[in-house]
Amino acid sequence: MITNHLRSGFRVALAGAALLVAAPARAATIDLSQATVADIQAAFAAGTLTSEQLVRMSLARIEAYDDKGPNLNAIIVVNPKAIETAKALDAERKAKGPRSPLHGVPIIAKDIFNTTDMPTTAGSVFLAGSIPPKDSFMITKLREAGAVILAKANTSEFASSGRSNGFSSLGGQTRNPHDPKRGPAGSSGGSGAAVAAWYAPIALGTDTGGSIRGPAAANGIAGIKPTRGLLSRAGIVPLALSFDTGGPMAKSVYDCAVALGIMTGIDPDDPVTNKSVGLAHRDYTVFLKPDSLRGARIGVLLDYAGSDEGTKAVFKQSLETLKARGATLVDITLPEHIKNRTWATFVRNADFKANIADYLATLDPKYPKTLDDLIAAAEKFTKPTAVGVPNPARWDNFKREATGIPVTDPMYLATRDHGMAMTAAFLDGLVAAHQLDAFVYPTAGQPAQLIDRDYDAPTPPGGGGTSLANHSGFPDVIVPAGVTKDRLPVTLSFLGPAFSEPRLLGLAYDFEQATKARVLPPTTPALAGEKISL
């Protein structure tokens, strides 16, 4: 086991859960696996649950299923002050009331979000033990809202998958709770597996080409890749700032909407957030209406209709559901120059070379400072140690990324600016021409893949639609849609124009409430005491 967990054998008894703000009607009891953050807040308010109890329950699930049982290996480090923080928030609630709908709620962050009380390593042995100078903007917003940052989740190293999704030199291989022989997808695989296994109601991921959405699909959960500029990237280990964004992952669209609103805001350290002035909301739950699909016009992205029969079947049924809910479907076929990713790879290489150096410059002098330093360190780290194991699939990509040209070069600037503008303008043109509210496609072309597989095998057609949102800067909301015959999750993506999160969340929520398609992983069943009495 490579991970560095700070854990104890917690024994948990838990009671309570319900609803803080508008949400579906509740029964007298609710399972932890089904509880929204609103259910949790209502239980807090009723006195049938405390944050300390909920945190202890989360830690008990991590203990039971991360190193034991299916050995999911989704967590790199647990916050040693999590229980202490929860106790303090319980006391504050009694004295002053809750700060927000996330007061006392445990949240897991992908290990590329800066946290001053836990190392931030990007899953790399080269950053082992690194404590950044301050929290990331998104983490700061969550702490200010009273959330408990419970743990850091494993990530594909430096947020890039290499050949094995969900693998890092420091954290090892994360496994999928629906089938531990399969990966969780990348790069936010630890976050996806952690939410699916109910380690916490919400986790943070990041997305450069599908790294929130792929793991959401593989693990059968909801998620949001926000509009570029809605959430600050400051304090996140960068992969390519032209395309990067953070976002929430959760069991439900409702929980994603709560977290999204908490984390919005203008950040001087990330000027792109200036685009969100007048377009961001502090409460996205008000847009979650069960009749949102009625009268909607939805573009069906036929180029990404699935690359295996199971995914295609679920997508076909999803389209029937959309129509039954009152939506009009419009078939859309994309031209090759919009699907082409060559220009984006050129931009991404240049970005990583420059962006990672800027980030490394903020760390302690003992850590690498440039991409060349990382390459040199990789050449020396050839055998497993007590710290971690080599990750040649990712480290080989360092050399490709080292070919990136300066981000001040006119060729880079022209490629980035015109490539992104072209993609956004084309999609906006389709929206206008067909009077669309959103596009839909299966988030992943195929279900979670086996960890032990042929990574050099050709990728079948019908997948890969996630890059559209990154190349345009547009938002994408993910919702469970069903399962294949092997009980592997399939999700549906709602993609729309910049800052259309309110509309997309409404559409996804309506679909979610109509289908109730999320399935529970068979390898992480309920523990004793997880049925909450209201």
Under the side-chain hydrogen bond (donor to acceptor under 3.5 Å, both in side chains) criterion, do Arg93 and Gln41 qualify, and how do the steps go?
CA-CA 11 Å; Arg93 178 187 293 274; Gln41 287 296 336; 2.9 Å; yes
Walk me through whether Ile108 and Ile75 qualify under side chain to side chain contact (heavy atoms under 4.5 Å, CB included).
CA-CA 9 Å; Ile108 292 171; Ile75 302 300; 3.9 Å; yes
Are Val148 and Leu142 close enough, and set up right, to give a side chain to side chain contact (heavy atoms under 4.5 Å, CB included), and what steps lead you there?
CA-CA 8 Å; Val148 179; Leu142 291 170; over 6 Å; no
Begin with the C-alpha distance, continue with both residues' side-chain angles, and end with the deciding distance and a verdict on side chain to side chain contact (heavy atoms under 4.5 Å, CB included) for Leu527 and Met57.
CA-CA 9 Å; Leu527 300 176; Met57 176 169 282; over 6 Å; no
Could you please spell out the steps behind the side chain to side chain contact (heavy atoms under 4.5 Å, CB included) verdict for Ile298 and Leu319?
CA-CA 10 Å; Ile298 308 292; Leu319 298 181; over 6 Å; no
Stepwise side-chain hydrogen bond (donor to acceptor under 3.5 Å, both in side chains) check, Asp31 with Ser33:
CA-CA 5 Å; Asp31 294 335; Ser33 64; 4.6 Å; no
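Ion pairing of Glu52 with Arg56 is present here, as a side-chain N (NZ or NE/NH1/NH2) and a carboxylate O approach within less than 4.0 Å. Checked for salt-bridge contact, Asp90 and Lys87 miss the test: no charged N lies under 4.0 Å from a carboxylate O. Electrostatic pairing of Arg213 and Asp476 counts as a salt bridge here, judged by a charged N lying under 4.0 Å from a carboxylate O. With salt bridges taken as basic N to acidic carboxylate O contacts below 4.0 Å, one links Arg61 and Glu530.
Residues passing the salt bridge (Lys or Arg N to Asp or Glu O under 4.0 Å) test with Asp117, sequence neighbours excluded: Arg143. Here Val490 pairs with Thr311, Val314, Thr484 under the side chain to side chain contact (heavy atoms under 4.5 Å, CB included) rule; sequence neighbours left out. Residues passing the ring-ring contact (aromatic ring centres under 6.0 Å, His included) test with Tyr284, sequence neighbours excluded: His281. In this structure, the salt bridge (Lys or Arg N to Asp or Glu O under 4.0 Å) partners of Glu92, at least two apart in sequence or on a different chain, are Arg99.
Side-chain contact between Ile139 and Phe137 is absent, with no heavy-atom pair separated by less than 4.5 Å. Taking 4.5 Å as the limit, some side-chain heavy atom of Phe439 sits within range of a side-chain heavy atom of Val431. Using a 4.5 Å heavy-atom threshold, the side chains of Arg282 and Met263 count as separate. Counting heavy atoms from C-beta on, the side chains of Ile202 and Val195 never come closer than 4.5 Å. Inter-residue side-chain proximity for Asn114 and Asp135 is flagged as unmet; no heavy-atom pair is nearer than 4.5 Å. Side-chain contact check for Val253 versus Leu288: some heavy-atom pair is nearer than 4.5 Å. Counting heavy atoms from C-beta outward, Pro447 and Asp308 have side chains that approach closer than 4.5 Å. Between Arg182 and Leu488 the shortest side-chain heavy-atom distance falls below 4.5 Å.
Across every non-hydrogen atom of Thr466 and Gly209, the tightest pair is OG1-O, 2.7 Å. Minimum interatomic distance between Ser276 and Ile266 (heavy atoms only, all atoms of both residues): OG-CD1, 3.4 Å. For the residue pair Ile224 and Ala257, the shortest heavy atom distance occurs at CD1-N, 4.4 Å.
Between the side chain of Gln53 and the main chain of Thr50, a donor-acceptor pair closer than 3.5 Å is present. No side-chain donor-acceptor contact under 3.5 Å links Tyr65 to the backbone of Trp198. Side chain of Thr120 to backbone of Ile112: no donor-acceptor contact under 3.5 angstrom is found. Checking side-chain atoms of Asp303 against main-chain N and O of Leu334 turns up a donor-acceptor pair under 3.5 Å. Side-chain atoms of Asn219 never come within 3.5 Å of backbone atoms of Ala216 as a donor-acceptor pair (strictly under, hydrogens ignored). Listed for the Arg518 side chain is no donor-acceptor partner under 3.5 Å among the backbone atoms of Gly220. No side-chain donor-acceptor contact under 3.5 Å links Ser188 to the backbone of Ser191. Between the side chain of Thr155 and the main chain of Ala122, no donor-acceptor pair closer than 3.5 Å is present. With hydrogens and angles ignored, the 3.5 Å screen pairs no side-chain donor or acceptor of Gln446 with any backbone N or O of Ala444. Between the side chain of Asn79 and the backbone N or O of Ala151 there is no donor-acceptor pair closer than 3.5 Å.
Residue pairs that meet the salt bridge (charged side-chain N to carboxylate O under 4.0 Å, His left out) test with at least one member in residues 253-276, sequence neighbours left out, are Lys134-Asp269, Arg233-Asp270.
Note: Thr328 OG1 to Gln435 CD = 11.0 Å, rounded to the nearest 0.5 Å. Summarising the geometry, atom NE2 belonging to His471 is positioned 12.0 Å from atom CZ belonging to Arg228; distances are rounded to the nearest 0.5 Å. Expressed to the nearest 0.5 Å, how far CG of Leu59 lies from CD of Glu63 amounts to 9.0 Å. Note that the CE atom of Met249 and the SG atom of Cys256 stand 8.5 Å from one another [nearest 0.5 Å]. In this structure, OG1 in Thr273 is found 9.5 Å from CG in Leu231, a value given to the nearest 0.5 Å. Here Thr264 contributes atom OG1 and Met138 contributes atom CE; the two are 10.5 Å apart, rounded to the nearest 0.5 Å.
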Hey, can you pull the donor-acceptor pairs under 3.5 Å for the side chains in residues 496-506, sequence neighbours left out?
from, atom 1, to, atom 2, distance (Å)
Ser500, OG, Pro497, O, 2.6
Glu501, OE1, Thr227, OG1, 3.2
Glu501, OE2, Thr227, N, 2.6
Glu501, OE2, Thr227, OG1, 2.8
Arg503, NE, Asp437, OD1, 3.0
Arg503, NH1, Ser292, O, 3.1
Arg503, NH2, Asp437, OD1, 3.3

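No side-chain donor-acceptor contact under 3.5 Å links Lys225 and Thr245. Donor-acceptor pairing under 3.5 Å is lacking for the side chains of Asn154 and Asn73. For Asp66 and Tyr199, the side-chain atoms include at least one donor-acceptor pair closer than 3.5 Å. Side-chain contact, Thr208 with Asp244: a donor N or O sits under 3.5 Å from an acceptor N or O. Checked by atom type, the side-chain pair Thr443/Thr491 shows a donor-acceptor distance below 3.5 Å.
For Arg297, the CZ atom sits in a packed shell: over 12 heavy atoms of surrounding residues, nucleotides or ligands are nearer than 6.0 Å. Surrounding NZ of Lys289 are at most 12 heavy atoms belonging to other residues, nucleotides or ligands under 6.0 Å away.
Among the candidates Ser160, Ser211, Ser156, the single residue satisfying the side-chain hydrogen bond (donor to acceptor under 3.5 Å, both in side chains) test with Ser187 is Ser211.
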